[in-house]
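Each ligand, and each atom within it, is numbered from 1 in the order the structure gives.
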Amino acid sequence: MRVALAYSGGLDTTVSIPWLIEKYGAEVITVTVDVGQNEDFREIKERALSAGAVGHFHIDAKDEFADDYIRPCILANGLYEDEYPLGTALARPLIASKVVDVALREDCDAIAHGCTGKGNDQLRFDTTIQVLAPQLKIIAPIREWDLSRDEEIEYARRKGLKLDFRQSRFSIDENLWSRSIEAGELEDPWRAPPYEAFKYVIDPKLAPDKEEIIEIEFERGAPVALNGRDMTLRRIVEELNATAGRTGFGIIDHIEDRAVGIKSREVYEAPAALTLLKAHRDLEKMTLNSKTLMFKALVERTWSQMVYQGFWLDPLMDALNAFIAKSQENVTGSVRISLYKGSARILGRVAENPLYSSEIATYAKGSVFQQKAGEGFSKIWGLDTVISATRKPSRRG
Ligand code: ARG
């Protein structure tokens with residue numbers, strides 16, 4: 001049997017290699033997809049081969065991740081349970097599709113991944129793989145095997161694997177859009193995460209006493225320039241992770257409902273994501289009418305939940321994305337934001353085709369709004385409430 005293994009280089013996927021060989025007599029081909037996790041990919045390749053892989057593929061998917069996954073997330077104001085910008089959830093279907101590509105090219109019979117049975121990631125991988133290549137068997141060694149971390153380390157020792165990689169006490173999943181930090185003392189929801197857990201975001205108390213003012217330009221809802229310079233979305237995200245992070249902005253800490261029914265305490269850092277989503281939402285308020293904003297909020301909630309639960313390739317996503325794209329026709333303009341010691345504040349916005357009109361809104365002389373018409377409008381507006389208040393209480397009951 002030939003197996004393509006989605007390989008991160010961490011403990012779970014590394015011990016999966018000898019396990020697949022032992023249990024299935026498999027030839028293992030490892031696939032590492034770069035979605036912005038900033039790892040030493042040469043080291044990862046060597047680790048895979050020395051653990052017994054017969055081949056290794058490295059795929060740089062950073063731009064594709066930004067253009068085809070992060071971009072729709074910005075348009076959708078994607079935040080699961082109003083907090084989590086969905087970094088891991090977005091990257092999984094991309095990683096799965098790259099591993100499927102390799103599996104088909106390399107004539108594999110199965111795909112393996114390192115997901116446990118307790119998380120959301122298995123749903124995202126399994127659903128994507130089944131949609132794209134239903135003929136392939138799916139093997140999830142960690143889920144099947146049910147080993148603790150210590151048992152995994154013991155197995156790795158027995159198999160003579162070099163476990164030279166720096167082990168953090170946290171479980172980390174990183175990509176361009178968010179960096180998730182789990183386990184260790186974070187499992188106590190009362191305890192604040194230590195700043196050493198973060199890579200981009202520094203303690204606001206230690207941040208330089210200097211306001212960073214940034215300007216983000218959007219075209220049809222997508223960021224196209226930062227501080228007046230045209231850039232790819234990937235570059236914009238990379239720059240903002242650094243800029244916003246060094247002011248101390250970008251931490252998320254919430255109790256999250258996993259699809260499998262577990263509540264978990266999740267800590268993320270996502271300085272670029274939070275900055276871009278804040279700016280995008282602000283520009284929408286300048287350019288979409290109130291009814292569209294109201295309805296879009298419902299679409300956004302469903303969009304985020306679908307992505308979170310692993311339904312990236314579901315036909316409903318196409319329909320939601322079509323609505324969202326239509327809604328963005330006038331979301332073109334710029335937003336200026338101040339980043340300072342842990343907070344981000346909108347300073348101003350300007351749109352090419354705004355619905356905001358100072359001529360209508362102004363309190364100064366010369367407003368084109370017909371104030372006198374307000375009298376009749378206001379009288380009728382409260383009719384239902386006023387009539388309800390005059391009703392006598394029912395004698396029965
Ligand atoms: N709770 C987040 C999600 O479900 C992040 C999960 C991080 N995954 C991981 N393998 N550490 O999308």
Give the contacting part of [X] toward ligand 1: side chain, backbone, both or neither, where contact means a heavy-atom distance below 4.0 Å.
X      : value
Arg179 : neither
Gln309 : neither
Glu256 : side chain

Legend entry - Residues Arg143 and Asp126 bridged, charged N to O under 4.0 Å: yes
Inset, instruction - Using a strict 4.0 Å threshold on nitrogen-to-oxygen distance, state whether Glu284 and Lys296 make a salt bridge. - result: yes
Legend entry - Donor-acceptor under 3.5 Å (Arg92 side chain, Arg124 main chain): no
Legend entry - Atom pair NZ (Lys98) and CD1 (Ile59), whose distance is rounded to the nearest 0.5 Å: 6.5 Å
Inset, instruction - Would you please indicate yes or no on a ring centroid separation below 6.0 angstrom for Phe65 and Trp177? - result: no
Legend entry - Output field: ring centroids Phe295/Phe323 closer than 6.0 Å: yes
Inset, instruction - Return yes or no for this condition: an N or O of Tyr84 is under 3.5 Å from an N or O of ligand 1. - result: yes
Heavy-atom contact check, 4.0 Å cutoff: does [X] meet ligand 1?
X      : result
Tyr80  : no
Gln122 : no
Arg92  : yes

Inset, instruction - Could you list the atoms of ligand 1 found under 4.0 angstrom from a heavy atom of Tyr268? - result: 1 (N), 2 (C), 5 (C)
Legend entry - Closest candidate by heavy atom, reference atom 10 (N) of ligand 1, pool Val307, Ile181, Asp121, Asp173: Asp121
Inset, instruction - Please write down residue, atom name and distance for the protein heavy atom closest to atom 4 (O) of ligand 1. - result: Asn120 ND2, 2.7 Å
Inset, instruction - Measure the distance from atom 11 (N) of ligand 1 to every protein heavy atom, then report the residue, atom name and distance (to 0.1 Å) of the closest one. - result: Glu182 OE1, 3.1 Å
Inset, instruction - Compute both the distance and the angle, then confirm whether Arg349 meets the cation-pi test with Phe218: under 6.0 Å from the six-membered ring centre, within 45 degrees of the axis. - result: no
